[in-house]
Each structure stands twice: as C-alpha cells, then as structure tokens.
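Numbers restart at 1 for each chain; the letters A, B, ... are given by sequence-line order, proteins then strands.
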Amino acid sequence: MNETGPKIKTRFPPSPTGALHLGGARTALFNWLFARHHGGSFVFRLEDTDRQRSKDEYAGSIIAAMRWLGLDYDEGPYYQSQRFDRYRQAVDCLLDSGRAYWCHCSPQDLERQRAQAHAAGQKPRYNGACRERNLGPAPGAVARLKTSPEGTTGFADLVKGDITFANNELDDLIILRSDNSPTYHLAVVVDDIDMGITHVIRGDDHISNTPRQILIYQALGAKTPLFAHVPMILGPDKGKLSKRHGATAVIDYEEEGYLPQAILNMLARLGWSHGDQEIFSLDELINLFDLKAVGSSPSVFDHDRLLNLNHHYIQRSDPADLVPILLPFLARAGVNNPDRAILLKCLPHIMPRGRTLKELAHWAEPYLLDQPRPEAGVKEKFLTPAHKPLLQQLLEVIEANQADPEPALKRLSQETGLKPGNLLPILRAALTGRNSSPGIYQVMDILGMEKTLARIRLALAEID
RNA sequence: GUCUCCAUCGUCUAGCCCGGUCCAGGACACCGGCCUUUCACGCCGGCGACAGGGGUUCGAAUCCCCUUGGAGACGCCA
C-alpha cells in the first residue's frame, strides 16, 4: 500500500465554534482514510484564531467525537492560538518583502466599498485604496496581501479537475487583523507549510478560497500542496446541511444510539463509492478508499439509509458487545442495574427489531424490569375482566406443563376454539405489557418459568 | 449581482475518463406477496432516472456547445 515518494500527510482542521457535524466528520474521515491507505500520517489541528467564537468546550466535544468515531491522529491536536508568534513572523516577512502592506481603511470604509462594487455589478470587494500608500502600522490598521490583478491562478483539483480563477476576481485579503491576530487564510497556509501537509482534502465550499491561499503560498515562497475538494453534504431541501434539518452533530447520533461503524459507513458512501458495494468494514474502507472514486456532485443526507445501516450493524453485532453500550440507554429508559444475564439472553431475539440502541433498550425493558410496565391501551385490550377466565386457564395450562408449554397451549387453543392469534396476545400482554414482542415461547424462555407464572398471577390479580 | 462548482430512479449511487455488451445495474425508502401466535427479521416481486435543446458519430447516459436548474463563495468567520 505504501507508495514511493514523499510521505503523504493530511490534516483535519475544524474550528472549535460548535460540535463536530456530519460534514466535518466526513471530511475528517476522507483525510484519515487517505492517510491510512497510503501509510501516511494524519494531523489534527484546532483553528481557534477567532477567540470570540472559539470555545474550549467545543474543542473538547470535537476531540471526543473523533475518538468515538475512531479517527485517531498521528499529530496534534495543535492549537492555532498557541502559534500566534509564528503567524506574526510570517506576516512580517511578507510585509518586509513588499508582498503585503498596511491598510488603514475602517470597517465603515470597507462597507462602502463593497456596496459600490456590488452596485457596479461586481463582486463586493476591497478597492485597494491603501495599496500604494506605503503606510505603517497604526492602531486599527490591518495587513493585506498584495495581489496582482494580472493573470490567473489555478490548480489541478484531485476530484474536480482543473479550476482557474482570474486574479482580478481576487482582492487584497486581510492577513493580520487590527487586534494583531492572524486571519484564517494566513494561519492555514502557514500551518500547512510548517506541518508538511501534502494533500488538502476539504469541502468544496473552500474552492473559492483556494486561489487566495495559493497566492499566500507563493508569497511565502512555499510549494503548494495538492488539493481535493469534496462535494458538500446537503439537507433534504438540497441546501447546506444545517441544524434546521434535525440532528447534524455527531454527538447527537451517539445519543440516539447509533454505532460509530454505521456512521462511518454512511459517511464514506456519501460522495464515494466502490461499485455496488454498500457495506464496508473499516479495513475495507482503508484498503479501497481512493480520491479518484470520489464523485463531484453534492449529496443529500438520507436519514433512512443511516437507520438501515445502523440496524444492519446491530443485527450482526455480538450480543456480548452490545451489553455494555446498552447500559446508558437502559438507564435513560428507567432500567438501572439490569440483570446482565437476562439482557444477554433476550438480545438475540430483539436485535432484529431494534434499529438503534435506544430502540433496543425499549425492546429489552420488559424482561429487565421487576414487573412489566403496560403500554397504553394494552390492558384495555387484552387484560379486561372478560379475559380473566382465559388468563386463568393459561396459567393452569402453563403451570401444569412447565417443561414444555407449547403443545399444551396448542391444545388449549383447539379446545377453546380460539385461534392462537386471539389467545396468545393475552399471554403476551400479561408477560410483557406490550402487544408485540418476540415469539411468546421465547419470551417465556427469557423470563424463566418462575417469573412467567408470577407475571400471569400478577396480571390476574390486577384485573377487576 | 459577480465568480466558481454541479446535473442518472424520491434519496445514495454504478455506468461516463477509454462512445456500441444499458429499452440503464445495485442500495435505502415505498408498494405487493411469502413466512408467521403479534411486531419485526428474512425471502420473492413491483414502482421508479440518463434536466432540456443543439451538435459530433453508423451509433451518445457516455464527447462538445448552449439553455435551464441547483449549490457554494464573495467577512478584521473558518
């Protein structure tokens, strides 16, 4: 898998201004897979130059989400806020060499310039007022990169192909803010140079940023990395995926009871494919992942598909592995300190019907509680005074045939002239408090004869 | 508005680079059937797409152009 040539190095640089969302997670996954596939390394960096919006708690939650997904990194987390000296040094270098200059325009000036450009049918931009003024630093001043309006800047994108921008579309972007902090464009480039990043794989909302960043690489005299812009993940309305589409944070899915492997599989198949294959283990993903197979059109996130994948992975899990991760979900459903043996025993029967851990907990609940908690309508439908004689008969038949109640129950069905479909739901209601469950004989087996009989007696006692 | 990207079933996609094997394949969802003591699982079947228009060619989902539509960017956010 290792290729000759320089070692491949990718990175994932979220800004800690919110939780890790699905789009970010997929970007991280692609970078991670690409690095792992090529035996390269993967760098994790927090872009927290905006001190107003960056929060430590977000950094922590992003790190936790990465760990939960299993996306481990070889370097980092680096924090841009700890590298301000380095950025300042780079800015000074650009200033000294005349590739950058001080600009004294106020935010209000800029606002006016943008309005003018827009009115003229142009892209809103800075008009270069301070470009040739040779100004020095001053309170409120910013440093801008001097960009030639001549020519074009392009790059060979690894997923989109050749992309070219006319330089006169670009304005002189700010690289150092008036509070002396570096801007995003400057900081990413300096970091990617310093950290030796060879491949920048990111969302295609960064395409228009790329020529500007290439210009910074050039001004700094550095070699540009290779770029791969991955199409975005859209919401059902085909707009940028956002909170109004429901859960978008990775952590939301963890709380809903999704398995990391299902999320990873889902994310990998959004934009990337390998023939008709839908299910991929992590190893397969690493082996097969290739930027050439990444599509160029955006994709809508389909929640049903994720549910289906999650169900797939749950069904194929080892029940013993499910027990520990199910505990928090059971606790939230009101089941504390469940009997693990019973849980393990019922799991194979409920795994086909629990698509998430949350649903699994719901299905497991009747067997773990001391007494069943009847769901709405169940008592009224199956445990009324009219059912009492039947339930009494059921009790007697089961009690008399504890070793194997099935044949006796079938006989009862014949004797009473009641189809199993009319007889057994009563038993189910008494044993589980539900109108659906695994097969009734399996339910009795999970519960054990002692509890089975006790629950029927309890139901009998409660009917009045 | 300007620039850039994108365009196959409702959705994710295969096929497109290297035109014929595609009256377009798979998956999810949906519908129907089977299995069945319930709900599921499972199995079988069905519905369903090359955005439109021009070229090029014996032949185009595949190549070219235009139109339309969608998205993104345009910030002292990242």
Side-chain angles (χ1 to χ4, degrees), chain A residues 13-18 47-50 52-54 80 103 105-107 110-111 114 117-126 140-144 157 160-161 163-166 168-171 173-185 187-188 202-211 229 231-232 234 236 238-240 266 269-279 292 295-309 311 315 349-355 363 409-410 413 419-425 427-429 432 434-441:
Chain A
S15 68
T17 53
E47 309 221 321
D48 56 349
T49 57
D50 182 345
Q52 298 291 313
R53 300 200 306 149
S54 296
Q80 290 190 325
C103 168
C105 293
S106 68
L110 265 21
E111 190 54 45
R114 273 193 283 269
H118 193 275
Q122 297 230 297
K123 193 177 284 197
R125 71 225 282 218
Y126 170 63
V142 299
R144 287 181 182 273
D157 193 275
K160 304 263 185 182
I163 298 175
T164 306
F165 287 80
N168 62 18
E169 287 294 329
L170 279 18
D171 60 1
L173 79 166
I174 293 174
I175 53 179
L176 188 73
R177 287 188 273 252
S178 56
D179 67 355
N180 276 315
S181 63
T183 59
Y184 157 72
H185 289 290
V188 241
R202 61 196 349 181
D204 72 3
D205 48 338
H206 280 289
I207 287 182
S208 52
N209 288 331
T210 305
H229 288 96
M232 306 229 286
L234 275 24
K238 312 242 178 175
K240 201 173 181 176
M266 176 72 189
R269 282 288 287 104
L270 276 184
W272 173 83
S273 63
H274 180 71
D276 284 340
Q277 188 170 346
E278 301 287 351
I279 305 296
K292 289 192 201 74
S296 48
S297 52
S299 36
V300 173
F301 186 81
D302 182 6
H303 194 265
D304 283 335
R305 211 177 151 69
L306 208 214
L307 245 193
N308 177 272
L309 273 171
H311 190 24
Q315 284 202 83
H349 303 294
I350 62 175
M351 279 157 64
R353 65 199 78 208
R355 297 175 299 176
W363 284 109
L409 250 12
K410 283 194 171 139
S413 165
K419 289 185 174 146
N422 291 324
L423 186 63
L424 270 11
L427 187 52
R428 172 173 293 109
T432 67
R434 303 272 174 87
N435 52 27
S436 71
S437 77
I440 200 67
Y441 303 109

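- Checking A/Tyr126 against A/Leu234, the closest nucleotide of RNA chain B that is more toward the 5' end is the one next to A/Leu234.
- Each of A/Leu424 and A/Gly121 was matched to the nucleotide of RNA chain B holding its nearest heavy atom; the match closer to the 5' end belongs to A/Gly121.
- Computed from coordinates, the A/Lys410 NZ to B/U37 C1' distance equals 9 Å when rounded to whole Å.
- Look at NE2 on A/His206: it is 6 Å from C1' on B/A78, rounded to the nearest Å.
- Nucleic acid contact class of A/Val300 (heavy atoms, under 4.0 Å, all strands): sugar-phosphate only.
- Counting only heavy atoms from C-beta on, A/Tyr184 has its side chain closest to B/A78 among B/C5, B/G1, B/A78.
- Atom pair A/Leu307:CG and B/C41:P shows a separation of 12 Å (rounding to whole Å applied).
- Between the side chain of A/Arg428 and the base of B/U37, at least one donor-acceptor pair of N or O atoms lies under 3.5 Å.
- Of the candidates B/A78, B/G1, B/G26, B/A78 carries the atom nearest the A/Arg53 side chain, counting heavy atoms from C-beta on.
- In this model, no side-chain donor or acceptor of A/Gln277 finds a partner on the base of B/G26 within 3.5 Å.
- Nucleotide B/C18 forms no Watson-Crick or G-U wobble pair with any nucleotide shown, as no partner meets the under 3.5 Å limit on both distances.
- Base engagement by A/Gly140 is indicated by at least one non-hydrogen atom pair under 4.0 Å involving a base atom.
- For the C1' atoms, the distance linking B/C16 with B/C63 amounts to 10 Å, nearest Å.
- Separating the P atom of B/A7 from that of B/U13 is a span of 11 Å, rounded to the nearest Å.
- Comparing the P positions of B/G20 and B/C64 gives a spacing of 15 Å, expressed to the nearest Å.
- Atom CZ of A/Arg355 sits in a sparse spot, with 12 or fewer heavy atoms from other residues, nucleotides or ligands closer than 6.0 Å.
- A donor-acceptor contact closer than 3.5 angstrom is absent between the side chains of A/Thr432 and A/Arg428.
- Atom pair A/Ile175:CD1 and B/C77:P shows a separation of 14 Å (rounding to whole Å applied).
- Each of A/Asn209, A/Asp205, A/Asp157 was compared with A/His229 under the side-chain hydrogen bond (donor to acceptor under 3.5 Å, both in side chains) criterion, and only A/Asp157 meets it.
- You'll find a donor-acceptor pair under 3.5 Å spanning the side chain of A/Ser178 and the base of B/C76, going by distance alone.
- The partner of B/U37 cannot be assigned: no Watson-Crick or G-U wobble pair with both contacts below 3.5 Å exists in any strand.
- More than 90° away from 0 lies the glycosidic angle of B/C34, which makes this nucleotide anti.
- When the C1' atom of B/A27 is taken as reference, atom NE2 of A/His274 falls 15 Å away, rounded to whole Å.
- Residue A/Met232 contributes atom CE, which lies 16 Å from atom P of B/G70 at whole-angstrom precision.
- When heavy atoms are screened at a 4.0 angstrom cut-off, A/Ser208 is found touching the sugar-phosphate backbone but no base atom.
- Pair assignment for B/C74 gives B/G1, based on Watson-Crick or G-U wobble hydrogen-bonding distances that are each under 3.5 Å.
- Atom pair A/Gln122:CD and B/C74:P shows a separation of 17 Å (rounding to whole Å applied).
- Between B/A61 and B/G25, the two P atoms lie 14 Å apart (nearest whole Å).
- Across all strands shown, A/Arg434 has no heavy atoms under 4.0 Å from either base or sugar-phosphate atoms.
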Exercise. Just do the side chain to side chain contact (heavy atoms under 4.5 Å, CB included) check on A/Val300 and A/Lys238 with the steps written out, would you?
Key: CA-CA 6 Å; A/Val300 173; A/Lys238 312 242 178 175; 4.2 Å; yes
Quiz item: Given A/Trp363 and A/His349, is the side chain to side chain contact (heavy atoms under 4.5 Å, CB included) satisfied, shown in steps?
Solution: CA-CA 9 Å; A/Trp363 284 109; A/His349 303 294; over 6 Å; no
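- Remark: the separation of the P atoms in B/C30 and B/A73 is 33 Å, to the nearest Å.
- The side-chain heavy atoms of A/Ile163 and A/Ile207, taken from C-beta on, include a pair separated by under 4.5 Å.
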Quiz item: Could you walk me through whether A/Thr17 and A/Asp48 pass the side chain to side chain contact (heavy atoms under 4.5 Å, CB included) check?
Solution: CA-CA 8 Å; A/Thr17 53; A/Asp48 56 349; over 6 Å; no
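- In this structure, B/G69 forms a base pair with B/C6, meeting either the Watson-Crick or the G-U wobble geometry with both donor-acceptor distances under 3.5 Å.
- You'll find the side chain of A/Asp50 stays beyond 4.5 Å of the side chain of A/Ser15, heavy atoms only.
- Atom CG of A/Asp157 is separated from atom P of B/A73 by 16 Å (rounded to the nearest Å).
- Heavy atoms of A/Gly271 sit under 4.0 angstrom from primed sugar atoms or phosphate atoms, though from no base atom.
- At the heavy-atom level, A/Glu278 lies under 4.0 Å from base atoms of the strands shown.
- When the C1' atom is compared between B/G26 and B/C9, the two are found 12 Å apart, to the nearest whole Å.
- With both ends at atom P, the span from B/A51 to B/A60 equals 15 Å, rounded to whole Å.
- Note on A/Tyr441: a base of the nucleic acid sits closer than 4.0 angstrom, heavy atoms only.
- Distances from the side chain of A/Pro298 to the nucleotides B/C6, B/C5, B/C3 place B/C6 closest.
- Within 4.0 Å of A/Ile440, counting heavy atoms only, lies at least one base atom of the nucleic acid.
- Side-chain atoms of A/Asp204 and base atoms of B/A71 include no donor and acceptor less than 3.5 Å apart.
- Nucleotides B/A24 and B/G52 are separated by 15 Å at their P atoms, to the nearest Å.
- Judged by Watson-Crick or G-U wobble contacts below 3.5 Å, the nucleotide B/A27 has B/U11 as its partner.
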